[in-house]
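Let me begin by presenting the structure, written as structure tokens, before commenting on it.
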Amino acid sequence: MTIYDSVQKTKREFIPQESGKASLYVCGPTVYDDAHLGHAKSALVFDLLTRVLKAEGYDVTYARNITDIDDKIINKASQSGKKIKEITDFYTDAYHEEMGKLGVTKPNIEPKATESLEAMFELIQRLLDNKHAYKTADGDVYFDTLSDSEYLKLSHRVQNEDEKLQRVESSAQKKNSADFALWKSVKDGSVTFDSPFGAGRPGWHLECSAMIEKHLAQPNKKFAVDIHGGGADLLFPHHENEAAQTRCATSHSLANYWMHNGFVNIDGEKMSKSLGNSFFLKDALKIYDGEVLRFYLLSTHYRSNFNFNEDDLLSSKKRLDKIYRVKKRLFGLSSENVKTPFKDELLKVLGDDLNVSASLALIDEMITSANETLDTSGKHKELKRDTLSNLAFTEDVLGFGVKNPYEYFQFGVNEETKAKINTLIMQRDEAKKAKDFATSDKLRDEILAFGVSLMDTAAGTFWERV
RNA sequence: GGUGCCAUCGCCAAGUGGUAAGGCCGCAGCCUGCAAAGCUGCUAUCCCCAGUUCAAAUCUGGGUGGCACCUCCA
């Protein structure tokens, strides 16, 4: 497959370091608040990537971290009076639950910062030993950006000379304004971790480098991982700094391929707390089926910025509905795995840097063609078999159409309402049989008032939530 | 100010040199007791200007208009 490498800024054929295996590391959430649509987008994109890699036959090792040491977490703890772990556990659980609803497959490895401190210490020590890091009088440890000739090559940034040579006269005692903390000394008695460098907290960038070394990297390889992913905003400074640390502390570079997903905006504006327009997943999931959100968020190319908009979401839902309607037409038939041209084509377009749009066009064509044939009389045994197999493949690779179709269409309708609707449908059927259309139409209006639509089919009358 | 990205039908959105995928909406028809669903048909020459080429939405230059990063951020 080909992958757009956001560092080389070009599409590159994916060639893993170890034949048949692919390693992927993605920056996960800092668990101090509810996950929003942006977190969902990132998780979905890399979930899709792992699914496609697996479908192409790769043995994928996928790691996504949980940042559970962070100033924001500590602030939240001191403000709320709750314990750190109470907060991080709560948001970690919530994250897992919400991602599950979006159909995001769990990573193979999900390291936490608090469980990776030893690896961080080791990395810091190596950087101190080889003079890529220094201690300040305050007890902080900084990475010396001037010591790394490759610094800023990743993000293609230029630092002007004045800025570069500017000595920072603050209490931090940084040599250079671009230097970043590997270890922050904390003396006020608040949350600290013991380390060979004194009590304090690790720098954010260090986490990822350390976890990659600990869980994924093989020392004799040129790159620590095949692919490193994350949100577009992480390229600088986060990934730049990660790459610098790994490059200077180990014998290999951090990643061979870099992938960055675009941002999610709400009605044209960036989500932010100051604008008060953050769309949290927990709220979105109350209104929309998780799979609808999955479909919508993945419907645009991962590198583009995504503008979340309710009208577009509804048109995405209608598209997903079509998958479920054909599933309904074939419901209950046993499926078998057969080779079809559709599968090859689907994998081909998804293998082109995850061209989801092209894959959706293929799915729509496949469904239309199946419906067209099913509309004509006949058994169509082979078509049914192939369509079921195609749908199963779509479920595996894209995660679309994984639910029971009847339950999908009844999302958000409570049992009491379902019972009422079913009673009314039975009454309407009797009226229809008696050709009492005035009554049956009146009953239909009553049913439609529940916010559902009705479909009379050969197999009976079905309803869907509108 | 520095760096970079983008501009395709009413809306969403593929396509990076050979003559515009797909979806939503809309219109017409088939089907239906009537609907709904499904199916069929119809709907763009690709922001502007100049250039390269036998050939450009796709390459180059200029312009206009959006956006992102440069501070924590998916």
ask   = Using atom P of each nucleotide, how far apart are B/A56 and B/G2 to the nearest Å?
value = 35 Å

Taking atom C1' in both B/A44 and B/C25, what distance in whole Å separates the two? 15 Å

inquiry  = Stacking between A/Phe263 and B/A68, defined as ring centres under 5.5 angstrom apart with planes under 30°, is that present or not?
reply    = no

### Distance-only polar pair, side chains of A/Thr246 and A/Ser209, donor-acceptor under 3.5 Å
yes

- Task: For A/Thr67 and A/Asn65, test the side chains for any donor-to-acceptor distance below 3.5 angstrom and give the result as yes or no.
- Result: yes

Touch class at under 4.0 angstrom, heavy-atom based, for A/Val264 against every strand present: base

Pairing partner of B/G33, by Watson-Crick or G-U wobble and under 3.5 Å for both distances, is none

Paired to B/C69 by Watson-Crick or G-U wobble criteria (both distances under 3.5 Å) is B/G2

* To do: For B/C11 versus B/A7, give the span between their P atoms, rounded off to a whole number of Å.
  => 15 Å

Walking RNA chain B from its 5' end, the first of A/Ser369 and A/Leu362 to be reached, judged by nearest nucleotide, is A/Leu362

task = Could you please spell out the steps behind the side-chain contact (heavy atoms from CB on, under 4.5 Å) verdict for A/Lys101 and A/Leu293?
result = CA-CA 9 Å; A/Lys101 285 183 182 169; A/Leu293 285 167; over 6 Å; no

Can the ring centres of A/Tyr25 and A/His228 be said to be less than 6.0 Å apart?
-> yes

Is A/Asp33 salt-bridged to A/Lys72, going by a charged N under 4.0 Å from an acidic O? no

Taking a pair to mean Watson-Crick or G-U wobble geometry with both distances below 3.5 Å, B/U64 pairs with B/A7

Quiz prompt | Whole-angstrom distance between B/C34 and B/G41, as gauged at atom C1' | solution = 24 Å

Q. Do NZ/NE/NH1/NH2 and the carboxylate oxygens of A/Lys174 and A/Asp179 come within less than 4.0 Å?
A. no

Atom CZ of A/Phe236 and atom C1' of B/U3 are separated, to the nearest Å, by 11 Å

| said: Can you see if the side chain of A/Lys317 gets near the phosphate of B/C24 - specifically, an N or O under 4.0 Å from OP1 or OP2? | reply: no

Of A/Ala361 and A/Lys9, the one whose nearest nucleotide on RNA chain B sits closer to the 5' end is A/Lys9

Exercise. For A/Gly38, report the nucleic acid contact type (base, sugar-phosphate, nothing); a contact means any heavy atom under 4.0 Å.
Key: base

To the nearest angstrom, the OH-P distance between A/Tyr4 and B/G15 comes to 13 Å

Looking for any heavy atom pair under 4.0 Å, which part of the strands does A/Lys41 touch: base, sugar-phosphate only, or nothing?
nothing

The Watson-Crick or G-U wobble partner of B/A14, with both key distances under 3.5 Å, is none

Letter by letter from the 5' end, nucleotides 26-37 of chain B scores (B base, S sugar-phosphate only, - none; protein heavy atoms under 4.0 Å) -------BBBBS

Under 3.5 Å, which N/O atoms of the protein pair with N/O atoms of nucleotides 6-14 of chain B?
from, atom 1, to, atom 2, distance (Å)
B/A13, O2', A/Ser357, OG, 2.7
B/A14, OP1, A/His301, N, 3.1
B/A14, O5', A/Ser357, OG, 3.3
B/A14, O3', A/Asn355, ND2, 3.1
B/A14, O2', A/Asn355, ND2, 3.4

Quote, to the nearest angstrom, the C1' distance that separates B/C31 from B/C47. 44 Å

As its Watson-Crick or G-U partner within any shown strand, both distances under 3.5 Å, B/A28 has B/U40

Row check, A/Tyr4 ring normal vs A/Arg303 NZ/CZ: under 6.0 Å, within 45°: yes

Pairwise P distance, B/A36 and B/C9 [rounded to whole Å]: 29 Å

Separation of B/G38 atom C1' from A/Glu365 atom CD, nearest Å, is 17 Å

With the side chain defined as heavy atoms from C-beta on, A/Glu372 is closest, among B/C39, B/C69, B/G22, to B/C39

note: A/Leu235, atom CG; B/C69, atom C1'; distance rounded to Å ~ 8 Å

To the nearest angstrom, the CG-P distance between A/Leu234 and B/C69 comes to 11 Å

task = Go through the steps for A/Phe462 and A/Phe409 under the test ring pair (Phe, Tyr, Trp, His ring centres under 6.0 Å), then give the verdict.
result = CA-CA 10 Å; A/Phe462 299 106; A/Phe409 281 118; 10.0 Å; no

A/Met271 atom CE is separated from B/C67 atom C1', nearest whole Å, by 15 Å

Write down the distance separating the P atoms in B/A74 and B/A20, rounded off to the nearest Å. 43 Å

A/Leu154 atom CG is separated from B/U3 atom C1', nearest whole Å, by 14 Å

If only side-chain N and O atoms count, and only distance matters, is there a donor-acceptor pair under 3.5 Å linking A/Asn371 with A/Arg325?
no

B/U19 -> Watson-Crick or G-U wobble partner, both distances under 3.5 Å, gives none

Heavy-atom distance under 4.5 Å between the side chains of A/Pro237 and A/Phe180, does that happen here? no

**Span that lies between the C1' atom of B/C24 and that of B/A14, in whole angstrom** = 15 Å

Can you give each donor-acceptor pair under 3.5 Å made by side-chain atoms of residues 105-114 of chain A, sequence neighbours left out, with the distance rounded to 0.1 Å?
from, atom 1, to, atom 2, distance (Å)
A/Thr105, OG1, A/Asp47, OD1, 3.1
A/Thr105, OG1, A/Arg51, NH2, 3.4
A/Asn108, OD1, A/Tyr62, N, 2.7
A/Glu110, OE1, A/His96, NE2, 2.6
A/Glu110, OE2, A/Arg64, NH2, 3.2
A/Glu110, OE2, A/His96, NE2, 3.1
A/Thr114, OG1, A/Asp68, OD1, 3.4
A/Thr114, OG1, A/Asp68, OD2, 2.6

Whole-Å distance, A/His239 NE2 to B/C70 C1', equals 16 Å

With A/Tyr408 as partner, the option from A/Phe295, A/Tyr288, A/Tyr324 fulfilling ring pair (Phe, Tyr, Trp, His ring centres under 6.0 Å) is A/Tyr324

